[in-house]
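See structure below.
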There are 2 protein chains.
Amino acid sequence: MVTIKDIAKATGVSPSTVSRVLADNPRISEDTKKKVRKTMRELGYHPNIHARNLVAKSSKAIGVILPSSADKALQNPFFPEVLRGIGSVTHEREYAMVLSSAQNGEEIMSEVRRMVFGRYVDGLILLYSRINDPVTEFLNEQDFPYVIVGKPYENINTVTHVDNDNFTAGKEITKYLIDQGHEYIAFIGGSRELFVTVDREAGYEAALKEAGLPNIEEQKLHTEFLKSGGREAVESILALEKRPTAIVVSDDLISLGVLSRLEQSGVNVPEDISVVSFNNVYLSEITRPALTTIDIHIYELGAQSAKALIEKAENKSEPAKRIIIPHDIIYRDSVSKRES
Amino acid sequence: MVTIKDIAKATGVSPSTVSRVLADNPRISEDTKKKVRKTMRELGYHPNIHARNLVAKSSKAIGVILPSSADKALQNPFFPEVLRGIGSVTHEREYAMVLSSAQNGEEIMSEVRRMVFGRYVDGLILLYSRINDPVTEFLNEQDFPYVIVGKPYENINTVTHVDNDNFTAGKEITKYLIDQGHEYIAFIGGSRELFVTVDREAGYEAALKEAGLPNIEEQKLHTEFLKSGGREAVESILALEKRPTAIVVSDDLISLGVLSRLEQSGVNVPEDISVVSFNNVYLSEITRPALTTIDIHIYELGAQSAKALIEKAENKSEPAKRIIIPHDIIYRDSVSKRES
DNA sequence: CTGTTAGCGCCTTCAA
DNA sequence: TTGAAGGCGCTAACAG
């Protein structure tokens with residue numbers, strides 16, 4: 001392995017000079033810089049990151065923590081897409097991106113400990129947010145930089161987070177259905193423990209209210225994310241005495257199940273029932289019919305969170321921020337106009 | 001930050017003793033071990049990874065390189081699932097998993113350089129395999145440990161890789177269709193530049209041949225992976241004068257498009273046309289009808305590749321291996337029996 | 001069984 | 001503008 005010393009010797013300067021050249025220190029003459037750089041190239045020199053990190057007390061790396069039910073959750077195309085977003089900025093700033101490889105709560109905690117205590121990463125991005133989360137608690141204790149993608153359960157004003165305005169999104173998409181003449185609109189969401197669900201649902205309710213439509217409890221269902229996701233919910237909806245003409249579904253992935261169950265029952269979308277959802281994951285284009293959905297700009301969620309985190313890691317006094325990524329409606333074929 | 005010295009001082013021993021306790025060196029008395037560990041706990045000591053890596057000349061981390069068209073490819077649930085598999089063993093062995101965050105060929109190359117030269121990782125897993133790949137070329141030059149998930153284009157006997165027996169898988173699933181009485185079976189695959197496609201297609205052809213069925217060129221289509229994937233292919237197939245009664249599709253994701261396009265044309269699956277595919281990604285359960293598909297055990301592909309890589313990284317003289325992950329057919333609802 | 005010494009590769013005072 | 005010296009935190013001979 002070629003070290004700074006080898007370069008120094010070969011160029012006839014001291015190691016410290018070489019080090020300064022690496023840092024592009026202005027107090028080194030252009031002349032020696034050139035010479036040093038030349039031998040660096042010739043000998044194929046590359047700085048040893050560990051040595052560098054050791055003295056710098058940082059690692060130019062950020063960690064990404066996935067939700068604990070990683071087995072299933074990672075299946076949601078949401079995650080790869082955030083990772084891409086994060087990756088775009090880590091790459092640009094020459095940071096490394098370390099993925100937590102833990103599968104359950106305990107494992108996550110131990111990974112986080114290693115990452116934090118071992119100074120493996122300079123900061124953490126949490127792709128989830130839970131009530132009573134030991135991880136965030138720990139990070140707060142340690143005063144370790146982190147940002148949350150989504151809405152934090154606690155300390156919402158002191159922890160930097162990147163989120164969508166899910167309430168407004170829910171309201172807008174529901175309003176869109178109402179504008180198309182729908183009056184009985186159901187809601188199928190993921191777990192009510194997730195803020196995304198809650199917020200989108202609240203938006204849905206607000207739109208109903210604003211339009212003077214009744215907010216019927218039986219019209220609102222909650223379901224598991226994957227697998228059978230949405231199927232039983234559809235059954236309940238179809239069994240309603242007053243059958244809805246539209247459904248707001250809180251996640252494209254759930255919509256997949258919804259659509260398939262609807263088809264199974266011979267219900268045509270959008271003729272009989274319209275469906276809208278959220279995320280605009282690539283799947284929503286492939287379904288029959290293609291889904292009208294809210295594009296939440298997942299990539300951007302990732303990119304912004306990485307940016308915010310790096311800023312915070314490099315400058316501890318950086319204030320906490322709330323970053324709201326705008327959304328928009330992608331109109332496709334899953335909604336029909338209703339004459340009333 | 002608490003260091004080894006602090007512990008030494010507080011316990012009244014030398015730093016090296018503390019270091020030995022860390023390594024659980026048997027030549028240290030249980031007694032002092034206990035004492036040292038106690039103060040470690042009290043002072044909240046945690047080893048500094050960078051210092052350790054510096055002397056160990058390793059980093060207990062492996063890098064994962066995604067295909068360059070990461071934007072789209074990452075969308076295939078295949079990738080998250082391999083990552084999970086990799087993660088399971090990196091976690092178990094206390095390795096970190098570093099994700100390449102590059103988006104295109106050049107970026108990938110520069111990331112790889114950084115990772116390799118900077119000793120950022122001890123080895124690399126490539127989740128792709130390309131002809132004339134500068135990355136593998138570079139890694140060979142540097143004699144840097146890596147393993148490929150899939151089939152290498154070159155040096156197949158000297159590079160460790162983890163793959164399925166795609167030929168046999170293709171043959172088996174096709175044979176299954178034949179056994180169900182199908183005689184006109186089409187094939188829709190991804191790019192012919194990918195070995196997966198080629199191998200699965202070759203298996204398909206072998207099965208046809210074995211059954212004495214004609215191998216018709218027009219029955220074999222190739223398509224882009226995502227988006228419209230499979231849609232045009234279906235159109236060509238439906239236009240065939242002798243319309244096939246079954247289709248072998250080389251990837252679940254493509255099947256999604258195939259299914260949707262079929263439905264659009266009023267073709268019933270499996271009554272009119274049967275469909276089978278590969279990978280057994282969670283989507284294949286959600287579709288209508290649920291897909292009969294080959295489970296290639298993606299998780300295991302990841303896990304085994306990580307295992308092989310770590311072994312190789314820890315012991316350079318470890319020989320190159322080819323590891324074939326077994327597959328099996330998951331029978332669901334997309335195939336019908338044909339009376340002939 | 002334990003301490004002393006040296007060194008991993010780099011950066012950063014302090015001096016010149 | 002450059003060099004010498006010391007140290008980041010840890011490990012690994014070499015002694016004893």
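Letters A, B, ... mirror the listed sequences (proteins, then strands); counts begin at 1. Quick caveat: nothing in here was measured; it's all calculated off a predicted structure.
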Exercise. If every non-hydrogen atom of B:Val159 is compared with every non-hydrogen atom of B:Pro152, which pair is closest and at what distance?
Worked result: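 For B:Val159 versus B:Pro152, the nearest heavy atoms are CG2-CG, 3.9 Å.
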
Within a radius of less than 6.0 Å around [atom1] of [X], do more than 12 heavy atoms belonging to other residues, nucleotides or ligands occur?
X	atom1	result
B:Glu314	CD	yes
A:Gln142	CD	yes
B:Lys321	NZ	yes
B:Lys312	NZ	yes

In terms of side-chain geometry, is the basic nitrogen of [X] or [Y] positioned less than 4.0 Å from the acidic oxygen of its partner?
X	Y	answer
B:Glu311	B:Lys307	no
A:Asp24	A:Arg37	yes
A:Lys34	A:Glu30	no

Problem set entry | Residue pairs involving residues 300-325 of chain A (criterion ring pair (Phe, Tyr, Trp, His ring centres under 6.0 Å); sequence neighbours excluded) | none

Problem set entry | ring pair (Phe, Tyr, Trp, His ring centres under 6.0 Å) pairs, two or more places apart, involving residues 99-128 of chain A |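 Found A:Phe117-A:Phe138, A:Phe117-B:His46.
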
For this session: Identify the 5'-most and 3'-most nucleotides of DNA chain D with at least one atom closer than 4.0 Å to a non-hydrogen atom of chain B.
Result: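 Range of nucleotides touched by chain B: D:dC8 to D:dA13.
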
Contact list please: [range] against DNA chain D, heavy atoms, distance less than 4.0 Å, in numerical order.
range	answer
residues 5-32 of chain B	B:Lys5, B:Ser16, B:Ser19, B:Arg20, B:Leu22
residues 51-62 of chain A	A:Leu54, A:Val55, A:Lys57
residues 36-48 of chain B	B:Tyr45, B:Pro47, B:Asn48

For this session: Look only at the side chain of A:Lys316 and the backbone of A:Asp143, and say whether a donor-acceptor pair between them is shorter than 3.5 Å.
Result: yes

Exercise. Is a donor on one side and an acceptor on the other found under 3.5 Å between the side chain of A:Arg52 and the backbone of B:Gly118?
Worked result: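 It does not hold such a pair.
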
Exercise. Do B:Thr17 and B:Ser14 meet the criterion of a side-chain donor-acceptor pair at a distance under 3.5 Å?
Worked result: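 Yes, B:Ser14 and B:Thr17 have a side-chain donor paired with an acceptor closer than 3.5 Å.
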
Exercise. To the nearest angstrom, how far is B:Phe117 atom CZ from C:dC10 atom P?
Worked result: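 Between P of C:dC10 and CZ of B:Phe117: 14 Å.
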
Exercise. Roughly how many Å is it from CZ in B:Arg119 to P in C:dC10, rounded to a whole number?
Worked result: 12 Å

